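Beneath this line is the structure, given in structure tokens, with notes to follow.
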Amino acid sequence: MSSRPVRIPGPDHPITVTPAGGRVVVRFGDQVIADTRHALSLKEASYPAVLYIPREDADMVLLRRTEHTTWCPYKGEASYYSLPGNSEAAINAIWTYETPSEYVAAIGNHLAFYPDRVTIEHTPD
């Protein structure tokens, strides 16, 4: 975890992590990148919910880790992966919190995908 201060979610900036339920399939073009029934849904303040996929349900062989990182004061430092190929849409299309803050610890070892770069099919039970 970085030495930067972590903020605590609260009424002014709520964060919830819940099971997404159902099946989630992530595709990049015609290629299935992830397929799971164990996705988590993270809802943060007024932002749209983000689905987090367990790494064990993603084809990690297809992904390339990059040097890019970002910081969220509520979740911690995010690392990035790129999808197959070198298109602009593929680069840094996936983020992950490898050591998330304690308030969102459940998303550790999960991947999130930019929805404008992949197709995310969520079929609730």
Side-chain angles (χ1 to χ4, degrees):
M1 181 71 80
S2 172
S3 62
R4 293 178 267 198
V6 175
R7 293 185 181 166
I8 300 171
D12 60 327
H13 195 98
I15 298 178
T16 58
V17 179
T18 58
R23 182 179 180 199
V24 177
V25 178
V26 179
R27 298 178 195 279
F28 185 59
D30 292 335
Q31 195 160 32
V32 173
I33 304 297
D35 188 344
T36 188
R37 291 191 158 278
H38 305 285
L40 298 174
S41 177
L42 184 144
K43 179 69 176 126
E44 180 176 1
S46 61
Y47 300 111
V50 174
L51 294 174
Y52 281 81
I53 311 298
R55 285 186 186 206
E56 61 265 18
D57 293 335
D59 192 343
M60 295 299 292
V61 172
L62 297 174
L63 310 182
R64 298 180 323 275
R65 189 179 180 96
T66 71
E67 296 296 317
H68 185 64
T69 62
T70 58
W71 174 257
C72 170
Y74 293 95
K75 296 185 291 289
E77 185 172 271
S79 299
Y80 286 75
Y81 285 85
S82 291
L83 293 161
N86 293 315
S87 70
E88 190 173 326
I91 306 303
N92 295 321
I94 304 160
W95 71 93
T96 183
Y97 292 93
E98 292 170 340
T99 53
S101 78
E102 64 185 286
Y103 309 107
V104 293
I107 65 170
N109 254 355
H110 286 65
L111 305 170
F113 297 79
Y114 283 107
D116 60 337
R117 301 188 191 194
V118 297
T119 301
I120 300 173
E121 303 163 3
H122 183 197
T123 309
D125 286 334

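A quick note: this is a predicted structure, and the numbers were derived from the prediction, not measured. Count residues from 1 along the sequence.
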Nearest 0.5 Å please: distance from the NE2 atom of His110 over to the CG atom of Asp57.
-> 8.5 Å
Just how far is it from atom OG1 of Thr36 to atom NE2 of His122, taken to the nearest 0.5 Å?
-> 10.0 Å
Minimum heavy-atom distance [X]-[Y], with the two atoms named:
{"X": "Ser87", "Y": "Phe28", "answer": "OG-CZ, 3.9 Å"}
{"X": "Leu83", "Y": "Ala89", "answer": "CD1-O, 4.4 Å"}
{"X": "Arg4", "Y": "Glu77", "answer": "NH2-OE1, 3.1 Å"}
{"X": "Cys72", "Y": "Glu44", "answer": "SG-OE2, 4.2 Å"}
{"X": "Ala39", "Y": "Ile53", "answer": "CB-CD1, 3.9 Å"}
{"X": "Val17", "Y": "Ala106", "answer": "CG1-CB, 4.0 Å"}

Sub-3.5 Å donor-acceptor pair from the side chain of Arg64 to the main-chain atoms of Ile91, do we have one?
-> no
Look only at the side chain of Thr69 and the backbone of Ala78, and say whether a donor-acceptor pair between them is shorter than 3.5 Å.
-> no
Among residues at least two apart in sequence or on other chains, which ones pass side-chain hydrogen bond (donor to acceptor under 3.5 Å, both in side chains) with [X]?
{"X": "Ser79", "value": "Arg65"}
{"X": "Tyr97", "value": "none"}
{"X": "Thr66", "value": "Asn92"}

Are [X] and [Y] grouped together when hydrophobic residues (ILVMFWY) are joined by side-chain heavy atoms under 4.5 angstrom apart?
{"X": "Met60", "Y": "Trp95", "value": "no"}
{"X": "Tyr114", "Y": "Leu40", "value": "yes"}
{"X": "Tyr52", "Y": "Val26", "value": "no"}
{"X": "Leu42", "Y": "Val118", "value": "no"}
{"X": "Ile120", "Y": "Leu62", "value": "yes"}

Can you list every pair that meets side chain to side chain donor-acceptor pair (under 3.5 Å) and has a residue in residues 14-26, with sequence neighbours left out?
-> Arg23-Asp35
Side chain to side chain, Leu111 and Leu63, heavy atoms closer than 4.5 Å | yes
Do Val6 and Trp71 touch side chain to side chain, with heavy atoms closer than 4.5 Å?
-> yes
Set of residues satisfying salt bridge (charged side-chain N to carboxylate O under 4.0 Å, His left out) with respect to Asp125, sequence neighbours excluded | Arg37
Do any pairs count as a ring pair (Phe, Tyr, Trp, His ring centres under 6.0 Å) and have a residue in residues 72-94, sequence neighbours left out, and if so which ones?
-> His13-Tyr74, His68-Tyr80
